[in-house]
Amino acid sequence: MRNTFSTLFSISSRKSLKAFIRKSATLLENCTNERLIRHGNALHCHLIKMGLSSQKYIAVKLLIMYLDSRKSFEIDQMLKEFKGFNLVVHNCLVNANLLWGDVVNARRLFDEMPERNEVSWTALVSGLLKHGYVDEAMFYFVRNPFLSVFSWTATISGLVQNGLSFRAMELYKKMLRSGVLPNDITFTSIIKACIELGDLELGKGVIALIIKVGFEDDVCVSNSLVTFFLRLGEMDYARRTFDRMEEKDVVSWTTILDMHVEMGDLREARRIFDEMPERNEVTWSAIIARFSQSGNAEEAVRLFQEMVQDRFKPNESCYSSVISALASLEALQPGMNIHAHVLKIGMGTNVFVGSSLVDLYCKCGNTKDGRLVFDSLPEKNVVCWNSMVSGYSLNGQLAEATKLFNRIPQKNNISWNSLIAGHLAVDKFDEAFEVFNGMILSGEQPNKSTFSSVLKACASLASLEKGEYAHAKALKFGFHHDIFVGTALVDMYAKSGSIKSSQKIFNRMPTKNEVVWTAMIQGLAENGFAEESLHLFEEMERNSSVPPNELVLLSVLFACSHCGLVDKGLSYFNSMEEVYGIKPNERHYTSVVDMLSRSGRLCEAEEFIRNMPYEAEANAWAALLSGCKTFGNETLAKRTAEKLSELAETKPGGYILLSNIYASGGRWVDVMSTRELMNQKGIKKSGGCSWIELRNRVHLFYSQDETHTQSTEIYWVLQLFNSEIQSLFT
DNA sequence: ATAGGGTTAG
């Protein structure tokens with residue numbers, strides 16, 4: 001390109017002016033990226049010197065070049081130069097205003113135009129649609145007197161971009177009825193609409209027409225068909241369409257690579273990537289992003305290194321993906337190295353890169369530097385706002401998160417979800433629920449993440465009423481089939497004591513992963529349905545392809561312990577490593593101690609506790625002590641209590657357990673002395689708290705302070721009940 | 001008017 005420009009400068013004096021103008025115009029048309037625009041700029045200066053810059057043909061090309069590269073300053077300058085407006089310049093002017101988002105001015109200029117061609121109408125409609133002004137766009141669309149395939153296609157694709165695929169489909173049918181034939185771009189847009197609508201039959205109808213009109217061999221159309229089948233889960237069709245293509249480009253290969261990622265076969269994806277006939281930086285960025293998104297952050301980083309070694313120049317996408325991978329690895333130092341590099345090559349202000357950097361610093365617990373990057377971004381979009389809000393949320397800085405959330409100019413559902421997550425992080429479950437209500441009221445569409453968070457809050461509150469409300473909303477929005485939401489529902493109902501509902505949800509789930517199985521098995525065990533819990537575990541082993549994990553085995557031990565199946569529990573425990581390949585952790589050991597103590601096998605329990613490979617948890621000793629109480633083994637009780645107080649020296653939790661056990665045995669003197677000891681050592685016990693929900697209001701009761709407004713009355717009634725009960729026995 | 005890739009929540 002540089003050479004072309006220099007030859008142009010040298011020939012300009014010799015060749016005729018007309019040819020020079022034509023050549024300049026073509027060159028300006030080709031200035032499509034940042035680097036080439038600098039040449040275009042140089043040519044512009046040259047043209048000014050030659051007095052040719054206001055030559056209409058040239059000027060329009062210059063204007064379009066600046067428009068395409070969004071050089072608002074130059075556009076402004078150029079438009080000032082024009083005195084007599086012709087139609088093309090006028091169109092450019094409207095376009096410029098649309099580009100700057102000044103919709104009002106664009107409409108005014110359009111309305112004032114003395115004459116309009118189809119480009120004027122189409123540009124206005126698509127510009128309005130790009131900014132989400134659907135009604136306004138349709139106002140002009142119906143008045144457009146030209147309505148060739150251009151206008152139809154522009155409007156259809158604009159509607160699809162606004163998520164209005166159904167209306168796009170209607171318009172497409174109207175277009176066919178009016179006798180206008182679709183072209184390749186219409187087809188790719190309308191296939192995208194079919195993907196959005198998830199309608200296979202509709203898509204097949206479109207394919208019939210594609211073949212009839214003769215676009216089935218078009219690379220772009222075929223690519224969009226491969227994507228269509230892929231998104232609708234028809235992998236066979238996707239593969240067949242791909243194999244049938246005579247001409248394949250990078251896009252085709254990238255799409256089929258995507259298909260294997262979708263099917264969870266990253267190795268096959270990698271194989272295809274390695275064997276691709278051609279690659280570009282888009283392909284690289286696709287594979288890096290895919291590995292990063294599917295939890296293979298290390299591999300993503302390795303691919304990035306490989307890309308650099310292969311002398312490909314990473315683009316913004318690659319940087320943002322690799323930074324995001326490093327963020328999930330919490331690899332601060334390598335991330336900072338890339339940050340420095342990105343700043344050096346002038347990509348520091350890119351929103352994508354910036355958002356990932358914000359995420360990186362926040363995931364590594366450094367919200368201060370995250371904020372610094374955030375503040376340095378000149379053009380902020382929702383994503384980087386969300387990154388920062390969720391960064392604060394992640395680190396428990398709820399006040400900061402809320403403050404920033406309120407300043408987001410155009411919130412989306414992720415913004416709300418981030419704020420809800422922020423409340424969950426600091427255990428403010430009631431408030432999380434309030435935020436959810438605010439979200440619904442503001443008209444924001446909740447999604448599956450919203451429900452999985454909100455249901456988690458309900459589970460922690462053990463509030464059946466709120467949980468049922470959230471469940472109803474999830475049903476209404478159609479997210480109850482999602483595996484995340486289903487899991488949260490199973491857990492919520494179990495935690496709220498409605499185990500029947502929990503089972504219903506569980507049984508209806510079409511696909512189950514280890515998390516749901518665990519939630520259900522745990523729910524049953526904790527609600528006293530130990531046998532059912534164990535049955536379910538056996539079913540899980542028999543019928544499902546998911547291997548048991550640590551947590552599910554903990555629930556199994558818990559269940560065994562609670563229904564007295566000590567030997568069964570022990571055999572599970574002993575086979576953990578061998579059969580399931582899971583090394584028992586402290587909590588598993590504690591569970592076994594609990595199991596033995598509950599069934600009175602105290603000596604075994606003591607021996608077990610002394611022989612375990614870890615230092616026993618305070619809970620384990622407490623379980624043994626409580627077993628000693630039940631079975632009246634005073635000597636062992638004494639030994640255990642001593643051990644527990646000894647442990648309490650280093651672990652404050654021990655004191656609380658000790659005092660609880662004394663309390664349950666009615667040894668109030670010992671309770672007092674333990675509490676005294678805790679006070680001396682400055683150990684604060686967070687107060688026990690209980691609550692009930694009445695008429696949509698939660699009433700809290702704390703173990704120490706009488707904080708409830710009506711506590712006097714409540715205690716008074718309680719005393720009344722007590723004396724009534726007493727009188728029954730006398 | 002334009003298919004394929006990128007950042008955020010659970």
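Side chains are part of it too, since the values below use all heavy atoms of this structure and drop only hydrogens, waters and symmetry mates. So you know, we letter chains A, B, ... as the sequences are listed, proteins then strands, and number each from 1.
Remark: of the listed residues A:Asp369, A:Thr367, A:Asp375, A:Asp375 is the sole one forming a side chain to side chain donor-acceptor pair (under 3.5 Å) with A:Arg371.
Contacts of A:Gln161 with the nucleic acid, taken as non-hydrogen atoms under 4.0 Å apart, involve only primed sugar atoms and P, OP1 or OP2. Contact annotation for A:Asp184: no contact, since no heavy-atom pair falls under 4.0 Å across all strands. Using a 4.0 Å heavy-atom distance criterion, A:Thr254 is classed as making no nucleic acid contact. Counting any heavy atom pair closer than 4.0 Å across all strands shown, A:Lys192 reaches no nucleic acid atom. Residue contacts for A:Ser356: at a heavy-atom cut-off of 4.0 Å it reaches the sugar-phosphate backbone alone, with no base atom in range.
Separating the CZ atom of A:Phe352 from the C1' atom of B:dT8 is a distance of 11 Å, rounded to the nearest angstrom. Here the C1' atom of nucleotide B:dA9 and the NZ atom of A:Lys456 are 11 Å apart, to the nearest Å. Atom P of nucleotide B:dA9 and atom CH2 of A:Trp385 are separated by 17 Å, given to the nearest angstrom. Rounded to whole angstrom, the span from the CG atom of A:Asn162 across to the P atom of B:dA1 amounts to 15 Å. We find that CG of A:Leu225 is positioned 12 Å from P of B:dG4, with the value rounded to whole Å. At whole-Å resolution of the value, CD in A:Gln445 and P in B:dA9 are 21 Å apart.
At a cut-off of 3.5 angstrom, counting only N and O atoms as typed in the model, there is no donor on one side facing an acceptor on the other between the side-chain of A:Asn413 and the base of B:dA9.
Ionic pairing of A:Glu268 and A:Arg271 is present here: one or more N-O contacts between side-chain nitrogen and carboxylate oxygen are shorter than 4.0 angstrom.
The aromatic rings of A:Phe405 and A:Trp416 lie perpendicular to each other, with more than 60° between the two planes, well past the 30° mark.
Ring to ring, A:Trp152 and A:Tyr172 are not that close: their centroids are 6.0 angstrom or more apart.
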